[in-house]
Amino acid sequence: MSGRIRRVLRLGDARRGVDEELSYHFDRTVEELMSQGETREDAEAEAVRRFGDVTRYSTELERIDRGVETKRRWIDRLDVGRQSLKYAVRSLGRSPGLAIGVIIAFALGIGANLTMYSVVDRLLLRPPEHIAEPESVKRIYVSEYLSFLQDRFTGGTLSYPVYRQLRTVSAFDDVAAWAPRTVTLGAGLDAIERKAVFVTGNFFGMLGVEPAVGRFFSEAEDRIGGPQQVVLSSTAWQRDFGGSPDALGQTVDFGYGPYEVIGVAPEGFTGVDLAAVDLWLPFHVVHAQTSGTEWQEDHGWQFFETVARMRTDVTLAAAEAEATAAWIAARAGSEFAAEDTDPAILLSSVLSARGPEAPPESVVARLLLIVSAIVLLIAAVNVANLLLARSLRQRREIAVRLALGISRRRLIGQIMLEGMLLAVAGGVAALLLATWGSTVIGRVLLPDVEWGGGTNLRVTLVAAALALVAGGAAALIPALQAARGTVSDTLRQAGAGGVTRRTARMRTGLALLQTALSVLLLVGAGLFVRSLDRVRDADFGFDPHNLVYAIPRTVAGGIPEAEALELAERGRQNLQRVQGVRAAGTTQTLPFHSSRSMRLRAEGVDSIPTPTTGGPYVHAVSAGYIEAMDLDILAGRSIAESDVGPGPAVAVVNESMAQALWPDRSPLGRCLYVGNGPDGGSQTRCWEVVGVVENSRRQQVVDETTFQYYVPIAQQLPVSLATGVFVIRVADETPGTLNAIRRTILDLDPRFRYVEAEPMMSRIDPRTRSWALGATVFSIFGLLALIVASIGLYSVLSFDVAQRTREIGVRSALGASARAQVSMIVGNALRITAIGVAAGVIAALALAGRIEPLLFEIPPRDPVTFVIVVLALHIVAAFASSIPAWKASRVDPNIALRAD
Amino acid sequence: MNLLQGTLDLLVLKALMFGPLHGYGVARWVRETTDDTLVVEEGALYTSLHRMERRGWLESEWGVSENNRRAKYYSLTKAGRRRLDEELSLWVRYAEAVFKVVKARGAEA
């Protein structure tokens with residue numbers, strides 16, 4: 001037998017192989033028979049007879065052969081794969097510094113994306129836990145045209161009569177309502193607050209959630225006079241009852257008698273919202289808290305939100321239309337019906353961040369996801385650069401391998417495999433980083449949201465996908481570059497150190513791209529940080545720092561009005577004597593908490609123009625309130641102690657209101673007619689304007705024109721909050737001071753169960769969260785980008801210096817001073833940076849308009865930010881280039897010229 | 001004489017013990033070694049060869065035959081050699097047992 005020929009039986013040739021094999025045997029048989037004396041015809045006939053039914057078994061043989069071939073191919077592939085992997089690992093092991101650098105770059109880039117993705121996933125993508133078929137569960141919003149807004153207004157709260165009507169809508173399987181409330185367990189200084197949610201009896205059933213322990217209360221049990229039951233959340237069960245099954249049957253008392261624990265909700269269940277919950281209470285508790293049945297009949301009581309499960313065979317538009325009709329029907333005949341203009345029910349996703357009342361944090365989160373993609377891009381560009389530099393170093397080796405016959409395809413595959421290995425390692429590190437990062441972001445910047453598990457399957461899959469895509473993309477450029485050109489070209493380039501004009505341009509281009517992207521991120525960071533700064537320093541009118549508000553909560557039944565006012569006044573006096581308290585006042589409405597608006601007429605004014613913020617808003621306050629809030633009186637005087645009680649009624653208006661109502665006269669002495677007259681007709685009693693106070697924020701951190709006026713408490717105005725809210729200007733906001741305040745108020749009357757006393761900033765801080773989120777995350781990403789970009793710049797420059805050793809040596813030998821060498825390198829670096837920065841600045845200016853609505857009182861093209869970023873990047877570039885430059889200046893021409 | 005499938009495999013493996021053969025060669029060797037007593041049927045032979053190749057006991061290669069034509073040669077793999085050893089010892093024990101029965105003079109009373 002002659003030499004071995006490598007077997008190349010391709011699948012299509014299986015048939016041919018079998019045929020050829022069998023025909024060989026056939027021919028030999030015929031020959032043998034003929035050599036025994038038979039004629040050809042007889043021999044062939046005999047051979048045919050012996051072979052029998054050839055077609056039958058030749059098909060079988062073919063089938064067997066195909067199986068053999070497929071198996072062999074798979075073994076080959078696996079083998080090749082294993083070889084490539086081993087080679088890749090060995091090859092990477094030879095430059096560990098680079099491998100680690102790349103892995104870190106990937107870990108940071110992918111980690112940043114994963115972190116933001118898990119935030120976005122929780123806020124915008126993943127429906128709340130334990131809801132069955134969440135796509136058919138819809139939140140109900142009502143949208144109306146409001147004339148004073150000149151625009152539509154959308155809100156999620158409804159009244160009970162509307163809710164009842166909505167339950168009859170045929171397009172809905174069911175409709176349920178819920179209202180979050182804070183309840184206090186225990187009394188006095190030791191009382192604890194818990195987050196409760198009142199839900200209608202059909203809430204759990206409609207959502208399809210099953211209790212973890214015990215049972216839920218039913219629709220039948222949720223009626224006025226029904227049993228007092230409570231369902232614990234899993235967290236509350238673990239924390240307050242030790243997770244023991246004995247919890248069932250125990251009672252919880254939050255001021256309205258004992259409520260029996262009948263079950264525990266499954267872990268992670270927070271209803272339709274994402275905020276943490278402690279207790280689930282039946283809706284009829286509202287009755288206990290308010291007494292009377294107004295809450296069930298009055299359209300003015302809009303205190304809960306609703307959610308519906310849509311029937312699957314109905315379109316969204318049809319359901320909305322039917323619901324709108326129901327809404328109109330429910331309100332027909334009420335006093336509000338006349339003002340309803342073009343109402344429409346909107347059904348929106350169960351995730352509130354995707355509906356019309358999306359909190360600004362979710363908008364910022366979406367932006368940050370894009371930002372994190374930019375960070376990944378920077379990291380990938382950096383990695384591409386590093387890998388490119390490496391493959392240039394390996395040019396000789398690659399040339400040799402090409403000469404030995406490796407296919408270009410295999411070579412490209414090999415280099416890409418190395419890139420992917422690094423990316424996968426980076427991806428694993430990124431997962432860990434992201435788990436930690438998202439928990440931190442969640443806890444610090446979005447504390448209202450219950451985060452549940454850190455990593456879930458979706459995030460892991462996204463991590464894997466990102467790693468593969470990033471790795472592949474980063475490795476593509478160097479891979480293609482390395483496999484280009486003929487063998488001789490490659491060897492020649494290797495001799496020259498691997499630097500061709502083309503590759504040098506490519507690497508510079510990548511460095512430019514990195515710089516430009518870093519500019520974008522840093523400018524964003526700067527703008528958000530300045531916004532946050534502005535927010536913190538914003539002039540609210542009143543001074544929110546060192547200001548404490550205190551709201552006493554009473555037992556069921558409350559306190560009669562006359563007593564309440566007297567208690568409030570006594571409380572105010574007592575508080576002023578407490579150590580650390582500078583001033584105290586009471587009010588019925590508090591900024592960032594509650595507002596009130598009543599019918600108003602003004603003397604000499606035909607109709608009061610209403611600003612877009614609504615109103616005018618009336619604050620019923622005690623003497624000392626305006627002083628405690630640190631509001632400046634601009635004209636006239638403030639509310640005095642003598643104004644409280646019988647006597648002429650007075651009012652203090654804010655500046656905007658004074659200017660709008662009486663633009664060219666002094667408002668002092670004018671009359672305001674507040675509310676309705678005694679028989680419901682026009683008000684005739686005059687509240688004389690005695691002072692003008694500066695403008696202050698009512699509900700929004702953003703500055704808007706609002707009309708606000710202040711009247712003394714109890715001048716024949718209905719009182720809504722019993723004793724009202726105490727506002728106290730303090731020297732400090734330590735727990736000691738807060739407790740002293742609480743004790744003082746509790747001591748006033750045994751019917752005070754608990755006092756909520758907190759710094760005013762705690763009510764304002766949640767509103768600043770979106771800027772805080774943007775500032776923090778942008779800054780972190782911006783810093784990351786800067787680090788990655790400067791490492792990239794550093795590596796490009798060092799590589800350059802290493803490659804141009806010969807050139808530098810020549811220069812040295814020719815007499816160039818060390819200083820000249822250094823300035824050449826640094827100059828180069830600064831030039832590259834300047835171009836990159838310019839590109840980045842142009843891009844930032846162009847995109848500025850997009851983030852304008854997310855900033856606070858900072859123009860998106862703020863020159864200060866831009867200047868700082870430009871300077872910072874140049875300084876960093878100079879710094880990053882200083883080390884390679886120093887190395888260049890130390891090059892010994894003798895060694896350099898001898899080096900290859 | 002007709003052969004059982006298992007025996008055929010054994011014969012083929014043994015045939016290849018001395019070196020690679022093509023299908024025709026295996027058939028000829030068996031015929032010659034058994035003095036024309038056992039004749040292997042072509043269909044069964046090739047089915048056996050291809051099956052044993054799939055099971056990894058044989059490997060095949062196209063080569064040039066003694067009359068200068070292309071033919072497919074089979075040879076034993078390491079696993080094939082092991083299989084041959086196992087089958088041989090089994091067969092020998094079986095044959096010895098049957099031989100004892102055949103040679104027996106009578107049943108014990």
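Per chain, numbering begins at 1; letters A, B, ... match sequence-line order. Computation of the quantities below employed the complete heavy-atom set of this structure, encompassing side-chain atoms and omitting hydrogens, waters and symmetry-equivalent molecules.
Counting heavy-atom pairs closer than 4.5 Å to chain A, the top-ranked of the candidates B:R55, B:E66, B:R28 is B:E66.
Applying the 6.0 Å contact sphere to CZ of B:F18 captures more than 12 heavy atoms from other residues, nucleotides or ligands. Environment of CZ in A:R77: crowded, with over 12 heavy atoms of neighbouring residues, nucleotides or ligands closer than 6.0 Å.
Smallest separation of non-hydrogen atoms from A:I64 and B:T47: CD1-O, 4.4 Å. Residues A:E21 and B:Y46 share a closest heavy-atom pair of OE2-CE2, 3.3 Å.
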Assess the residue pair B:V39 and A:R50 against the criterion (side chain to side chain contact (heavy atoms under 4.5 Å, CB included)); give the C-alpha distance rounded to whole Å, side-chain angles, the decisive distance to 0.1 Å, and a yes or no. CA-CA 11 Å; B:V39 173; A:R50 281 193 200 174; over 6 Å; no
For a salt bridge (Lys or Arg N to Asp or Glu O under 4.0 Å) check, start with the C-alpha distance between B:E59 and A:R72, then their side-chain angles and the critical distance, and finish with the verdict. CA-CA 11 Å; B:E59 55 190 5; A:R72 184 175 304 237; over 6 Å; no
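Considering B:K72, B:R51, B:R54 as possible partners of A:D65, the one that fulfils the salt bridge (charged side-chain N to carboxylate O under 4.0 Å, His left out) test is B:K72.
Looking at B:H50 and A:V18, their side chains come closer than 4.5 Å, going by heavy atoms from C-beta outward. Looking at heavy atoms from C-beta onward, B:E42 lies out of side-chain contact with A:L22 at the 4.5 angstrom threshold. Two residues are said to be in side-chain contact when any heavy atoms from C-beta on lie closer than 4.5 Å; B:N67 and A:Y24 meet this criterion.
Salt-bridge check for B:R69 with A:D27: passed, with a basic side-chain N closer than 4.0 Å to an acidic carboxylate O.
Both the backbone and the side chain of B:R70 come within contact range of chain A, with heavy atoms under 4.5 Å apart. Heavy-atom distances place the side chain of A:E60, and not its backbone, under 4.5 Å from chain B.
Rounded to the nearest 0.5 angstrom, A:F51 CZ and B:E41 CD are separated by 10.0 Å. Residue A:L61 holds its CG atom at 10.5 Å from OG of B:S48, rounded to the nearest 0.5 Å.
When only modelled atom types and interatomic distance are considered, A:T29 and B:Y24 share no side-chain donor-acceptor pair under 3.5 Å.
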